[in-house]
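Notes follow once the structure below has been shown.
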Amino acid sequence: MSLTEQAIERIRQLIKDGTLPPGARLPPEQDLAAELGLSRNLLREAVRSLVTTRVLEVRRGDGTYVTSLTPELLLEGVGLAVEMMRADDLLEITEVRRLFEPVATGLAATRITPDQLAEVERHLKAMIEAQGDVEALNHHDDAFHRAVFDATGNRALCALLGGIAGRTLRSRVWRGLVEENAAGRTIAEHAAIYQALADGDAPLAQAAALMHVSTTETWLRENLGRSLSGAAPEPLQ
């Protein structure tokens, strides 16, 4: 490891062993550098890196603190990474989504509350009313699935899936579906997911979600195939 990586690992170890628990304020820079046997410049590099990954946060005029270290905070970077991926890499992300999202949807069917189900239904109705509006479809599609993920009660799963099934990928797919007059079919898949959730039928909810993600994967393979076999694919916009 580089010296910076070693410095990062030393600070992480203080956090992992409980010396610096969530919400704790780091000792003054000079004291912490001496304790870890680091130069102050090296310590600053390590702190900057850990701030970027949301392990630490700098409060101006107050000091540097360990964050809450909650899953949704630490996994926030997943979504940012997906946003930067090029088109061909998104096929792999969609495969990951196919592995996790159906299981999460089945779990949601066993845990969803009436209020959470009403939220899912609200976004489904909004999608039905906006079949020609890509921006509205994209917004409510994202919100529909986030409401489903929230219903699992699993914050880590919710954060992970929220990252890999983000708005940029959905936007591209919806744009293509609207152009191909296939938006209605995909909305019907959302309706099937909602009905399975309403019935509390976990196997059916899982199957409906698998069908939906598989449809997205098929669309991506068909539409990205041209760029994969020809010119280099452009980044998603």
Side-chain angles (χ1 to χ4, degrees), residues 71-72 75-109 120 123-124 127 131 134-152 154-194 196-197 202-237:
E72 56 267 34
L75 291 171
E76 187 177 273
V78 173
L80 297 175
V82 171
E83 295 288 331
M84 297 301 296
M85 286 184 178
R86 299 176 69 83
D88 47 346
D89 296 320
L90 289 171
L91 288 171
E92 295 187 6
I93 290 296
T94 303
E95 288 181 349
V96 175
R97 183 183 168 196
R98 176 159 48 86
L99 290 172
F100 285 97
E101 189 166 323
V103 176
T105 306
L107 180 61
V120 174
H123 291 295
L124 173 62
M127 291 169 65
Q131 293 193 40
V134 173
E135 290 302 318
L137 283 169
N138 189 45
H139 168 75
H140 290 289
D141 180 21
D142 183 60
F144 176 99
H145 288 286
R146 287 183 185 276
V148 174
F149 303 154
D150 284 342
T152 67
N154 186 315
R155 294 181 300 163
L157 185 60
C158 185
L160 178 62
L161 284 171
I164 65 176
R167 289 176 57 82
T168 296
L169 175 56
R170 293 187 192 282
S171 177
R172 180 160 185 164
V173 173
W174 271 118
R175 191 177 301 118
L177 291 173
V178 168
E179 290 172 355
E180 296 167 8
N181 296 316
R185 181 188 64 205
T186 304
I187 290 173
E189 293 169 2
H190 286 79
I193 292 171
Y194 165 76
L197 293 172
L204 185 58
Q206 183 168 339
L210 177 59
M211 177 65 72
H212 174 52
V213 178
S214 296
T215 297
T216 301
E217 184 176 4
T218 298
W219 185 92
L220 282 170
R221 290 189 182 280
E222 291 175 350
N223 287 273
L224 297 182
R226 291 187 292 274
S227 60
L228 289 173
S229 61
E234 298 178 356
L236 290 181
Q237 300 298 321

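Below, each value reflects all heavy atoms present in this structure, side chains not excepted, and no hydrogens, waters or symmetry copies.
- Shown here are the side-chain contact (heavy atoms from CB on, under 4.5 Å) partners of A136, two or more places apart in sequence or in another chain: A130, D133.
- A109 and A196 make their closest contact through CB-O, 4.5 Å (heavy atoms, listed as atom of the first residue, atom of the second, distance).
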Check step by step if side chain to side chain contact (heavy atoms under 4.5 Å, CB included) holds for M127 and I187. CA-CA 7 Å; M127 291 169 65; I187 290 173; 4.3 Å; yes
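- For the residue pair L124 and H190, the shortest heavy atom distance occurs at CD1-CB, 3.9 Å.
- Salt bridge present: D142 and R146 bring a charged side-chain N and a carboxylate O closer than 4.0 Å.
- Applying the side-chain contact (heavy atoms from CB on, under 4.5 Å) rule to A104 yields the partners T152, L157, L161; only residues at least two apart in sequence or on another chain are considered.
- The two residues G106 and A202 make their nearest non-hydrogen contact at O-CB, 3.4 Å.
- Every residue was checked against the side chain to side chain donor-acceptor pair (under 3.5 Å) condition with R185, not counting sequence neighbours, and none meets it.
- Of all heavy-atom pairs between F149 and C158, the closest is CB-SG, 3.7 Å.
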Run the side chain to side chain donor-acceptor pair (under 3.5 Å) test on H145 and E101 for me, step by step, so that the C-alpha distance in whole Å, both residues' side-chain angles and the decisive distance to 0.1 Å come before the verdict. CA-CA 9 Å; H145 288 286; E101 189 166 323; 3.2 Å; yes
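- Partner of H212 under the side-chain hydrogen bond (donor to acceptor under 3.5 Å, both in side chains) criterion, out of E217, R98, E189: E189 alone.
- Contact record, L197 with A205: CD2-CB, 4.4 Å, taken as the closest heavy-atom pair.
- With rounding to the nearest 0.5 angstrom, the CD1 atom of I164 is 10.5 Å from the CG atom of L75.
- Using a 4.0 Å cut-off between charged side-chain N and carboxylate O, E92 and R97 make no salt bridge.
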